[in-house]
Structure formats: C-alpha cells, structure tokens
Amino acid sequence: MAEQLLALGHAYHCYASPEELTQMREAARREGRAKLYDGRWRDRDPSEAPPGVKPTIRLKAPLSGETVIEDQVQGRVVWQNENLDDLVLLRSDGTPTYMLAVVVDDHDMGVTHIIRGDDHLTNAARQMQIYQALGWQVPIMAHIPLIHGSDGAKLSKRHGALGIDSYRAMGYLPAALRNYLVRLGWSHGDKEFFTTEEMIESFDLAHIGRSPARFDFSKLENMNGHYLRAGREEDLVAALVETWPHLPDRAGLPKTLDASMQTKLLAAMPGLKERAKTLAELREGAAFLFAKRPLALDAQAADILDSGGRQHVASLLPRLADLREWTPAAMEAVVRAYAEEMNLKLGQVAQPLRAALTGRATSPGIFDVLHVLGRAESLGRLEDQTR
RNA sequence: GCGCCCAUCGUCUAGCGGUCCAGGACGUUGCCCUUUCACGGCAGAAACAUGGGUUCGAGUCCCAUUGGGCGCGCCA
C-alpha cells in the first residue's frame, strides 16, 4: 500500500535521523508551531539521500485546506491542514505503523463504523488523510467521550480503572452494571432502567453526550439494589452461587454452597434481597444461615442479650417449643402475646430473639428467620443463649 | 506550547429559541411506615461557569474568558 502511495506521489522517503527529529520537535514547540515535522524530505530527490540510511515512508499530506470528519457524536470536526504534519506510514525497517495498519485493515475487513473513545479523535484526522490519499471510502465515525473517576480525573490503571472481574468481586450483577453503564453518557429521555432488549432497541449514537461522565459507585450500587430486589429468588441464588468463589474471602463462611445450603438460601431470599445492594451484602446478610452453633455474637448482639434480653429468650423458649405448627404466623402470635403480657413493645422481645438466632442486631424479619432456620436449629440457638 | 473536544443541581442527565421562576435519577435533609436493618411512601434543599453579542425573546445560536479533558513517537 505504501509503495502504491509512493507511486501515486502521495508519499515520499524521509531520511531524517532521530536526532534531527527531536531537534525539529523542540524548535517547533519553542516557536509555537503545531507541526512537529517540517517536511524537509517532502520534495527532495532520492539522489540526495545520505548513504547507508534506511528511509521511512511518510504521507505527503495536503499543505493547505482542511481535513474534516463528520463524526456521529462529535459533529463536524475541522483541522487546518497546515497544522497536520506528514505522518510515518512505513518504518525504516519496512513495517507499517499503526496509522497505516488500521486504515488498511479496516478497509480490508469492510468496516463500516468506527466507534471508539474520543482519545482517538486526533488520530481520526490523520487516518482520514490516509483514506483520502488512497481514495477509499471513509467509514462512519463516532468518537465517544471517556469515563472519568469520581474525582473528575481520568481513569487509569492506578486510578480507579478496574477490570470487569473487579466488579464481579464487588458483587454487582452483570445486568445492573450494563444498565448503569448504558446511562453513563447516554440517555433516553428520563428512562433509567433498561432491559438488554430495550437497550438494543433504544441505543443510538445521536444521544450520546459529548462531555465525559464521572463514574459514580453510589448510583451503580443503587441500581444493583433495584436489580436484586426485582430479581427472581431462584436466579439470585444461582447468581450468588456462581459469584461465591469470586467474592473476597471472609472467615466463618463455607467455601461453597451445597444443595441444602442453597435450599435454605432460597427460602430466606425474599427477606434477604430487600436488604442488600450487592451480592457481597447478600452473602453477608445470609451468613447467619450457615453459622455453626453455638453462634459467635457481635458486640451489639451480645449487648442486647446481656442487658436483659437473655431472660426474654429463656421465657420464650418453652412457648415456642410448644408450638404445634412452625409457621411465621403462629410464632408471631406467641411472641406478641408474650410481649403484651410483659407490657413490652414487640421490638423489645424481637431484638433479643434476633441476637440469639443470628448473632447480629440486624436481620430479615424475625419470624421469617425462625421459619427459615427451622424448629430444631432455632430452638437450639435460643437454648445456647440461655445458659 | 500547539491542535481538537467539552461546560445544566455534589453525580448521571432531560432540554434541540418562547410550553423552564429548568424536569427525572442517584446522593442528601425531614416526616411517615416499622420487631432491627432495609424496602416503600410523602415533602424539601440543590444547577443553566463568567462576560459580551444576535433576537421581540437564550439554558438553548455566535464570540471571548475561565475551567476541565484528550492528543501531539519510525507506540498502539
């Protein structure tokens, strides 16, 4: 291709040495010129070539006029050709540069649309010149803005740019991440939630904004919470099982979830999913299901039991044990009756139960916890705390 | 330094000359619901960067300033 451009007079050999090039660049910068290469070999005869120097081949770019790209998101972008210098097409070792290679490759592959980050916008101008020199049809271009970190600085490897697996490790659902991302820099009126089908249906280049968006974890988290709450219980169990090995290690949790654990998880899911924003939180909320007796109590739970809660647990234990039916409704009736007898608010007896059953001060509804845990396990845990 | 891009609530954004004393979402504040934590409901605070134009009329068009971003290799 480069040879062809040479033959057409759209390219030429350049014998400038690296030293000359850096000198040129420094001079250009000093004098405030945009062009870094001065085109010194542009019109020279090959006979003037210094002996023993392997030349590069540079594009003979137009000296005047403008290079224009009609970008689908940036609009019409114009460069004065006098500011664009003659780029290298072929290195002195004969290999093509990226600029030449992409153009030829895209053309050969029949690429119709070039959609990429706007950090390539300047490259687009130079590639445009190559397309023109070659007489090829230019693909439709769309340069979309980059995503920045929450502080407005650009995302880089050491600053917030995480791989996709990091988001999995944080417990974000793929659908939620996609939904969050599609709304970053693009909008469809006031619509916030999109199924994959809706995204495919509605997404368009025309509504992509031109300014960079900041990545906002709290909104991602909120959106993930929506997906969790709206998700089917079975799907969430499956998602958690699948993600389990990728979540950060945490003491006190099983390495994998066997069938019986999954069954418990499924039963507890309606109460759990309401309270979690990520799969990591979901797993944390479910930890009590997998805990081994006697439970380790956290500080708050211990405090609840120590400050009088233990008595209530002890009093309620026989009443619950006498229940014929282990249903949330039946248990609620018993506990409410007890609270009334003692002239207590429900919360005052529910909290001690919660502490004894889960080792925590927060959990799903206490009657659901009793139900999900089952009679034997529940009574066992309560009994543990009465001693 | 030079070139290009951008600029509405803290954040994501709607807005394509009058319907905007600027709408939605996240976050935030208060209240309600309530067995905890959440969910949910209701209410509130919160923005058109600045200065010039154009126009009967500008968040919407133009210019400048300021502030961000990206690019500037015989790297990709």
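In this text the structure is predicted, and so the values were computed from the model without any measurement. Within every chain, numbering begins at 1; the chains are lettered A, B, ... in the order of the sequence lines, protein sequences first and strands thereafter.
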Report yes if the side chains of A:Tyr15 and A:Arg40 come closer than 4.5 Å at any heavy-atom pair, otherwise no. no
Using atom C1' of each nucleotide, how far apart are B:A49 and B:G69 to the nearest Å? 16 Å
Between the main-chain N or O of A:Glu192 and the side-chain N or O of A:Asn179, is there a donor-acceptor pair closer than 3.5 Å? yes
Check: A:Gly225 main-chain N/O paired with A:Lys277 side-chain donor or acceptor under 3.5 Å: no
Checking all strands, does A:Gln74 fall into the base, sugar-phosphate, or nothing category for heavy-atom contacts under 4.0 angstrom? sugar-phosphate
Out of B:C6, B:C74, B:U36, whichever nucleotide has its closest atom nearest the side chain of A:Arg275: B:U36
Atom-pair distance (OH on A:Tyr180; C1' on B:U11), nearest Å: 8 Å
Could you check whether A:Gly365 gets within reach of a base, just the sugar-phosphate, or nothing at all, counting any heavy atom under 4.0 Å? base
Base, sugar-phosphate, or nothing for A:Pro364, non-hydrogen atoms under 4.0 angstrom? base
Please check if the side chain of A:Arg354 supplies one atom and the backbone of A:Ala301 the other of a donor-acceptor pair under 3.5 Å. no
Could you give the distance separating B:G23 and B:C16 at their C1' atoms, to the nearest angstrom? 15 Å
Say we look at B:A58 and B:G51: how far apart would their C1' atoms be, to the nearest angstrom? 15 Å
Between C1' on B:C4 and CG on A:Asp118, what's the gap in Å once rounded to a whole number? 10 Å
Would you state whether a donor and an acceptor, one from the side chain of A:Gln80 and one from the base of B:G3, lie under 3.5 Å apart? no
So, is A:Thr122 near the phosphate of B:G3, with a side-chain N or O under 4.0 Å from OP1 or OP2? no
Minimum-distance nucleotide (side-chain atoms of A:Ala213 versus B:U35, B:G1, B:C12): B:C12
Spacing between A:Met342 atom CE and B:U35 atom P, to the nearest angstrom: 19 Å
Using the C1' atom as the point on both nucleotides, what is the distance between B:U8 and B:G24, in whole Å? 13 Å
What is the base-pairing partner of B:A25, counting Watson-Crick and G-U wobble geometry with both distances under 3.5 Å? B:U11
Identify whether the distance between the nearest side-chain nitrogen and carboxylate oxygen of A:Glu284 and A:Arg360 falls below 4.0 Å. yes
Could you check which of B:C74, B:G71, B:U35 has an atom nearest any side-chain atom of A:Asp119? B:G71
Measure CD/A:Glu19 against C1'/B:G73 and give the value in whole Å, please. 14 Å
Ranking B:C72, B:C12, B:U36 by distance to the side chain of A:Arg183, first place goes to B:C12
Heavy-atom side-chain proximity of A:Asn81 to A:Ser64 below 4.5 angstrom: no
In terms of side-chain heavy atoms of A:Glu274, which of B:A38, B:C74, B:U35 is nearest? B:A38
Quick one: A:Asp85 CG to B:G3 P, roughly how many Å, whole number? 14 Å
Can B:C39 be described as syn, meaning its chi torsion is within 90° of 0, or is it anti? syn
Pick the P atom in B:C21 and in B:C62, then give their distance to the nearest Å. 23 Å
Does A:Glu325 offer a backbone N or O that forms a donor-acceptor pair with the side chain of A:Arg375 under 3.5 Å? no
Considering Watson-Crick and G-U wobble pairs with both distances under 3.5 Å, what does B:C4 pair with? B:G69
Given atom OH of A:Tyr227 and atom P of B:A38, what is their separation to the nearest angstrom? 24 Å
Please produce a list of atom pairs where a protein N or O lies less than 3.5 Å from an N or O of nucleotides 26-29 of chain B.
| residue | atom | partner | partner atom | Å |
| --- | --- | --- | --- | --- |
| B:C26 | O3' | A:Asn222 | ND2 | 3.2 |
| B:C26 | O2' | A:Ser218 | O | 3.4 |
| B:C26 | O2' | A:Lys219 | N | 3.3 |

Let me know the distance between CZ of A:Arg210 and C1' of B:C12, rounded to the nearest Å. 18 Å
Could you check which of B:C2, B:U36, B:C4 has an atom nearest any side-chain atom of A:Val77? B:C4
Indicate, yes or no, whether a donor-acceptor pair under 3.5 Å links the base of B:U36 to the side chain of A:Arg360. no
Presence of salt bridge, A:Arg381 and A:Glu377, under 4.0 angstrom: yes
Does B:G40 have OP1 or OP2 under 4.0 Å away from a side-chain N or O of A:Arg229? yes
Taking the C1' atom in each of B:G10 and B:A46, what is the distance between them to the nearest angstrom? 9 Å
Closest nucleotide among B:G69, B:C5, B:U36 to the A:Thr362 side chain: B:U36
Tell me the interatomic distance from A:Leu90, atom CG, to B:C74, atom P, rounded to whole angstroms. 13 Å
Check whether A:Asp258 reaches the backbone of A:Met261 with its side chain - one donor and one acceptor, N or O, closer than 3.5 Å. yes
Taking the C1' atom of each, how far is B:G15 from B:A7, in whole Å? 15 Å
Out of B:U35, B:U11, B:C4, minimum distance to the side chain of A:Arg214 belongs to B:U11
Sidechain-backbone polar pair: A:Arg58 side chain, A:Cys14 backbone, donor-acceptor under 3.5 Å: no
Who pairs with B:G30 - Watson-Crick or G-U, where each distance is under 3.5 Å: B:C42
Using the side-chain heavy atoms of A:Ser211, tell me which of these nucleotides is nearest: B:C39, B:G73, B:A7. B:A7
Say we look at B:U60 and B:C6: how far apart would their P atoms be, to the nearest angstrom? 15 Å
